[in-house]
Structure formats: C-alpha cells, structure tokens
Amino acid sequence: MASVSGAEWVGEKKQARVVTPRGARLGKFGCTVGGFQWLEPEEALFLLEAGALRLSIHGEPASWRMAFEALLDSPRALWRYTAVAHLNRHGYVCRPPRAGAGSPAPNPPQTGTSELHADYDVFVAESFKRSAAARGELGPKFRLLVVGYAEPPPALGVLRALAATSDVPLTVAVVGGSEVSLLSVEMGELRALSVADPRAHTAGSGTAGWLAPSLVSALLAFAAWALVTAARSRARRI
C-alpha cells in the first residue's frame, strides 16, 4: 500500500526507526535524529493499529498483538499508550516535553513528592508541525500527566505545584483498562473533562471547547481520588 510507512523496532533505544516514510499522516509523529524519523512506542503502536504503519521486530513483520507485547514492557507503558491513543483519535498530537520548555523530561511519577513531572506536551493535530515544535516556535495546548487508576493518586497539593510550574494548562489522564478519564487542574482544583473536537477549542476560550459526554467515568475517578487523598490526610494527622 503506497500510503503505509515502514519502520523497524530498535530495542536498545526503545523507539521505532522509520525506514520507508509514506503519506502525510506520518509527518505528525516522532522526531528526526541522525537523518531518520524516530517514533515513540505509543506512536508506533497507534499508527500500526490505524493501518498507517508496517512494523518489523528482529527483521520479522510484526502483528499488532506481537508489537503490543514487545513495545509495552510495563503497566505504565500501557497507561501511556492508552492515553496517547485516546487523544490521537480526538485530533491531538502528544510529544515528550522538550528539555527547558517549562516541563521537565518525563519520569515515572513519585506520587506525593516533588518528583512528579508531565509526560507529554499536547498539540492540536490540525495545526501541528514537528519542525516548529522542535524549534520551540509552536507551544502545546496543554500538558498531560498520565497515571493508573489502580495506583495511589498524587496529592492535590503536588498537582497544584506541578500546574504552577507549567506555562500552559495541566491535564491528568487517569487510565483504568481501556477507559481514560481526564481531570483538569484549574485554579488549584480538579475538574472532570472529556476531549472535544479541538477545532471547537479556540484561543482565549478558556474551557469552552471541553465537553463531558462521558462525565460519569471521570467523576468516578475524581471521587476515588478524593476519598484516597482525604484518607491519607486523616492518617497523617493521627
């Protein structure tokens, strides 16, 4: 197929190297280093799932299931893929934060400490250009922190502190199975969100472009976080 790109998985780098770039869709993903376009695991899996990429592992063509097992080597990697794919399907592009761009490089979250960092800069796909983002000429729409529903939630104070260090809004993606609940850290509070078409989210519109048709799952996640955080606070006072 003329519009399907080809890539090979490079295990030591934990990235996929594009060897036959095809089609305009590929241009929204990855970064160029050493003359090659490199894809993050979640980007390669999303493109493979969408039928826009053929991936080889150890020289052999990989099915989506084979790639899923090889590329996602931890629960956190699965959470990241689930959140990124969710946003990709709704018209966004997720990129690891640039060093020095107001968001530290992604690290596994140390909940309740200052070591919590955003995982992704999130851009509107329609206006996204890799070269402009790489040069710092195009800023993200918001930053994304990915956490698992089953793990202890970060303390609200830590989320507030993280949001205060960012020059764009902070959103938390709570992943449970295949479900993604989005919580916005606004004015020091958590608000349940669901992604709308980004074309409806215009500059200066605040949260007007955010809709919540699946509010129940997001509110359940919020309630669980609130209960656990309150229990922790009471335990510290005893």
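Source: prediction; values computed, not measured.
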Original post:
Given side chains that start at C-beta, do those of Phe46 and Val84 come closer than 4.5 Å, heavy atoms only?
Top reply: no
**OP:** Identify the two heavy atoms, one from Val168 and one from Arg143, that lie closest to each other, and give their separation to 0.1 Å.
**Re:** CG2-NH1, 3.4 Å
Original post:
Is Val4 reachable from Leu47 through a run of hydrophobic residues whose side-chain heavy atoms are each under 4.5 Å from the next?
Top reply: no
Original post:
Does one hydrophobic cluster hold both Leu39 and Trp9, with members joined at side-chain heavy-atom distances below 4.5 Å?
Top reply: yes
Original post:
Where do Arg95 and Cys31 land on the side-chain contact (heavy atoms from CB on, under 4.5 Å) test, with the steps shown first?
Top reply: CA-CA 9 Å; Arg95 296 296 307 143; Cys31 62; 3.7 Å; yes
Subject >> Step-by-step side-chain contact (heavy atoms from CB on, under 4.5 Å) determination, Met66 to Glu60 >> reply: CA-CA 11 Å; Met66 184 188 306; Glu60 298 293 331; 5.8 Å; no
Original post:
What heavy-atom pair brings Gly177 and Thr82 nearest, and what distance separates the two atoms?
Top reply: O-CG2, 3.9 Å
Subject >> From CZ (Arg80) to CG (Leu45), nearest 0.5 Å >> reply: 12.5 Å
Original post:
Does Leu170 share a hydrophobic cluster with Val174, counting links as ILVMFWY side-chain heavy atoms below 4.5 Å and allowing steps through other members?
Top reply: yes
Subject >> Working for side-chain contact (heavy atoms from CB on, under 4.5 Å), residues Leu55 and Leu71 >> reply: CA-CA 11 Å; Leu55 182 68; Leu71 274 59; 4.2 Å; yes
Original post:
Got a second to check how far Leu78's CG is from Asp73's CG, nearest 0.5 Å?
Top reply: 11.0 Å
Original post:
Which heavy-atom pair separates Ala7 from Leu53 by the least distance, and what is that distance?
Top reply: CB-CD1, 3.8 Å
Subject >> Lys129 and Arg135, any side-chain heavy atoms less than 4.5 Å apart >> reply: no
**OP:** Kindly compute the distance separating CD1 (Ile57) from CD (Glu69), expressed to the nearest 0.5 Å.
**Re:** 9.5 Å
Subject >> Flag for Tyr120-Glu40: side-chain donor and acceptor within less than 3.5 Å >> reply: no
**OP:** Please work out whether the ring planes of Tyr81 and Phe68 are parallel, tilted or perpendicular, with thresholds of 30° and 60°.
**Re:** perpendicular
Original post:
Could you state the interatomic distance from CG (Leu145) to CG (Leu116), rounded to the nearest 0.5 Å?
Top reply: 5.0 Å
**OP:** Would you check if Arg76 and Asp119 make a side-chain contact, meaning some heavy-atom pair closer than 4.5 Å?
**Re:** yes
Subject >> Minimum heavy-atom distance Gly176-Tyr149, with the two atoms named >> reply: CA-CB, 3.8 Å
**OP:** In plain terms, say whether Glu43 and Lys28 are close enough for a salt bridge, that is, a side-chain N and a carboxylate O under 4.0 Å apart.
**Re:** no
Original post:
According to a 4.5 Å side-chain heavy-atom criterion applied to Ile, Leu, Val, Met, Phe, Trp and Tyr, with indirect links allowed, do Phe36 and Val18 form part of one hydrophobic cluster?
Top reply: no
Subject >> Donor-acceptor contact below 3.5 Å, side chain Glu49 vs main chain Ala85 >> reply: no
Subject >> Test item: Ser166 side-chain N/O and Ala163 main-chain N/O as donor-acceptor pair under 3.5 Å >> reply: no
Original post:
Once you round to the nearest 0.5 Å, how far does OG of Ser127 lie from NZ of Lys141?
Top reply: 8.0 Å
Subject >> Contact summary for Asn88 and Cys94, nearest pair of heavy atoms >> reply: ND2-N, 4.2 Å
Original post:
When clusters are formed by joining ILVMFWY residues with side-chain heavy atoms under 4.5 Å apart, either directly or through shared neighbours, do Leu72 and Phe29 land in the same one?
Top reply: yes
Subject >> For Leu144 against Ala83, the heavy-atom pair lying closest together >> reply: CD2-CB, 4.4 Å
**OP:** Hey, could you give me the CD/CH2 distance between Glu151 and Trp79, rounded to the nearest 0.5 Å?
**Re:** 4.0 Å
Subject >> 4.5 Å side-chain heavy-atom contact, Asp121 and Pro97 >> reply: yes
Original post:
Taking the side chain from Ser5 and the backbone from Arg22, do they hold a donor-acceptor pair closer than 3.5 Å?
Top reply: yes
